[in-house]
Amino acid sequence: MTIGGLLLGTATPAVADPPMVNFADLCGAVGFSWDTGTIGGDDSWQTTVVRNDAVIDEFSMRSRGSAEYGASDGDLFEIRREGLPTSSYLHRTPEGCTDAPLLTVTPTSGCDGLVLSFSNEGTRPVPGIQVLADGYPPWEVAPLAPGRTELELPLVDGDPFYVRGPRAGGGWSTWLTGTHVRPTDCAVEPSPSPSGDPGPSTDPSADPSPSVTTPGASGPPGASGQLPITGAQTALIFIAGLVLLGTGVALFVVTRRRRVSFSTAGRQ
């Protein structure tokens, strides 16, 4: 029975305890680490990192690891894990740290891509910020001047992104991670016409609806809705005009001759 118990105990995998989270104040960042105190095992805990009520990272926490997140003095961090109490931590800038950035990064997913809003509440520019996304070269952000700066990135729906910055003393700290989710109320992008079925022509000369511009009219060309007078109709009008003109000349000559005759008779 003793041998059987030992074999049974060996065959049964041990369930790791939840990791204990330890925090540390860094210059411009908060570092935290975790360790279950055990080796091995496939246990993991879905973890959400919150800074000042905004989610900045989500990942699966394994038995041990560490991370660093950009922070300003007074930032409140929360480590939330499913089925476990929330671990909270208030960051305080350590003594001797004078160049920590006062930065806030806010993402907005739009129809044409992702917009990152950087708010620099300090008095000096914040250099070295990078944006990483799968399938794209890194975006090197120009030094962020005090105030608000917006960066538009042409991401497509489902693209993950990662914002990081250099930490005083070396290394990188994470400011934000997320996934661009295109809003559902965006207009559907037109798909290209299939081969053999040409789409509508953009050549103005191919417009089947003729138009005419009325002199003095305030509307755009074609606003009158009338067709131009051309072809056979123009020839008929021209001939009619010549007939009317000839008739007028003949009447004028006849009238003048009669006036001359009457005048001559009166003098005799």
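Residues V105 and Y162 do not share a hydrophobic cluster, defined by chaining ILVMFWY side chains whose heavy atoms lie under 4.5 Å apart. V131 and V156 end up in the same hydrophobic cluster when Ile, Leu, Val, Met, Phe, Trp and Tyr side chains are linked at under 4.5 Å. With hydrophobic clusters built from ILVMFWY side chains whose heavy atoms lie under 4.5 angstrom apart, L116 does not share a cluster with L102. No chain of hydrophobic side-chain contacts below 4.5 Å, direct or via other Ile, Leu, Val, Met, Phe, Trp or Tyr residues, connects Y69 to V50. V181 is not connected to V115 by any chain of hydrophobic side-chain contacts under 4.5 Å among Ile, Leu, Val, Met, Phe, Trp and Tyr, and they are in different clusters.
Contact record, T177 with E58: OG1-N, 4.2 Å, taken as the closest heavy-atom pair. When all heavy atoms of A29 and S173 are compared, the closest pair comes out as CB-CB, 4.0 Å. Closest non-hydrogen pair, E78 versus S88, comes out as CG-OG, 3.7 Å. Contact record, P166 with G128: CD-O, 3.2 Å, taken as the closest heavy-atom pair. Of all the heavy atoms in R124 and N120, the pair that sits closest is O-ND2, 2.9 Å. The two atoms that bring W175 and R51 nearest to each other are O-NH2, 2.9 Å, heavy atoms only.
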The test is side chain to side chain contact (heavy atoms under 4.5 Å, CB included); show your working for D57 and T48 and say whether it passes.
CA-CA 6 Å; D57 196 10; T48 301; over 6 Å; no
I'd like to know whether D159 forms a side chain to side chain donor-acceptor pair (under 3.5 Å) with Y136, so could you lay out the CA-CA distance, the side-chain angles of the two residues, the decisive distance to 0.1 Å, and finally the verdict.
CA-CA 10 Å; D159 279 345; Y136 300 88; 2.7 Å; yes
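Taking the side chain as every heavy atom from C-beta outward, T149 and V141 never approach each other to under 4.5 Å. At least one side-chain heavy atom of H91 sits under 4.5 Å from a side-chain heavy atom of D25. Considering only heavy atoms from C-beta on, P107 comes within 4.5 Å of L114 through its side chain. No side-chain heavy atom of T174 sits under 4.5 Å from any side-chain heavy atom of I56. Looking at heavy atoms from C-beta onward, P19 lies out of side-chain contact with D35 at the 4.5 angstrom threshold. Between D75 and V30 the shortest side-chain heavy-atom distance does not fall below 4.5 Å. Side-chain atoms of H180 and L153, non-hydrogen and from C-beta on, never get closer than 4.5 Å to each other.
Rounded to the nearest 0.5 Å, atoms OG (S87) and CG (N22) are 9.5 Å apart. With rounding to the nearest 0.5 angstrom, the CG atom of L176 is 14.0 Å from the CZ atom of R164. Atom-to-atom distance recorded for N52:CG and F77:CZ is 7.5 Å, nearest 0.5 angstrom. The OG1 atom of T104 lies 5.0 Å from the CD atom of E121; values are rounded to the nearest 0.5 Å. A distance of 11.0 Å separates CH2 in W139 from CZ in F161, rounded to the nearest 0.5 Å. To the nearest 0.5 angstrom, E68 atom CD is 5.0 Å from L26 atom CG.
Counting non-hydrogen atoms of other residues, nucleotides and ligands closer than 6.0 Å to CG of D99 gives a total above 12. Under a cut-off of 6.0 angstrom, the local environment of CD in Q46 is crowded, with over 12 non-hydrogen atoms contributed by other residues, nucleotides or ligands. For CD of E150, the number of neighbouring non-hydrogen atoms (other residues, nucleotides, ligands) closer than 6.0 Å is greater than 12.
Between the D157 side chain and the R182 main chain, a donor and an acceptor come within less than 3.5 Å of each other. A side-chain donor-acceptor contact under 3.5 Å links S72 to the backbone of P101.
In this structure, F23 and F32 have tilted ring planes: the angle between them lies in the 30° to 60° band.
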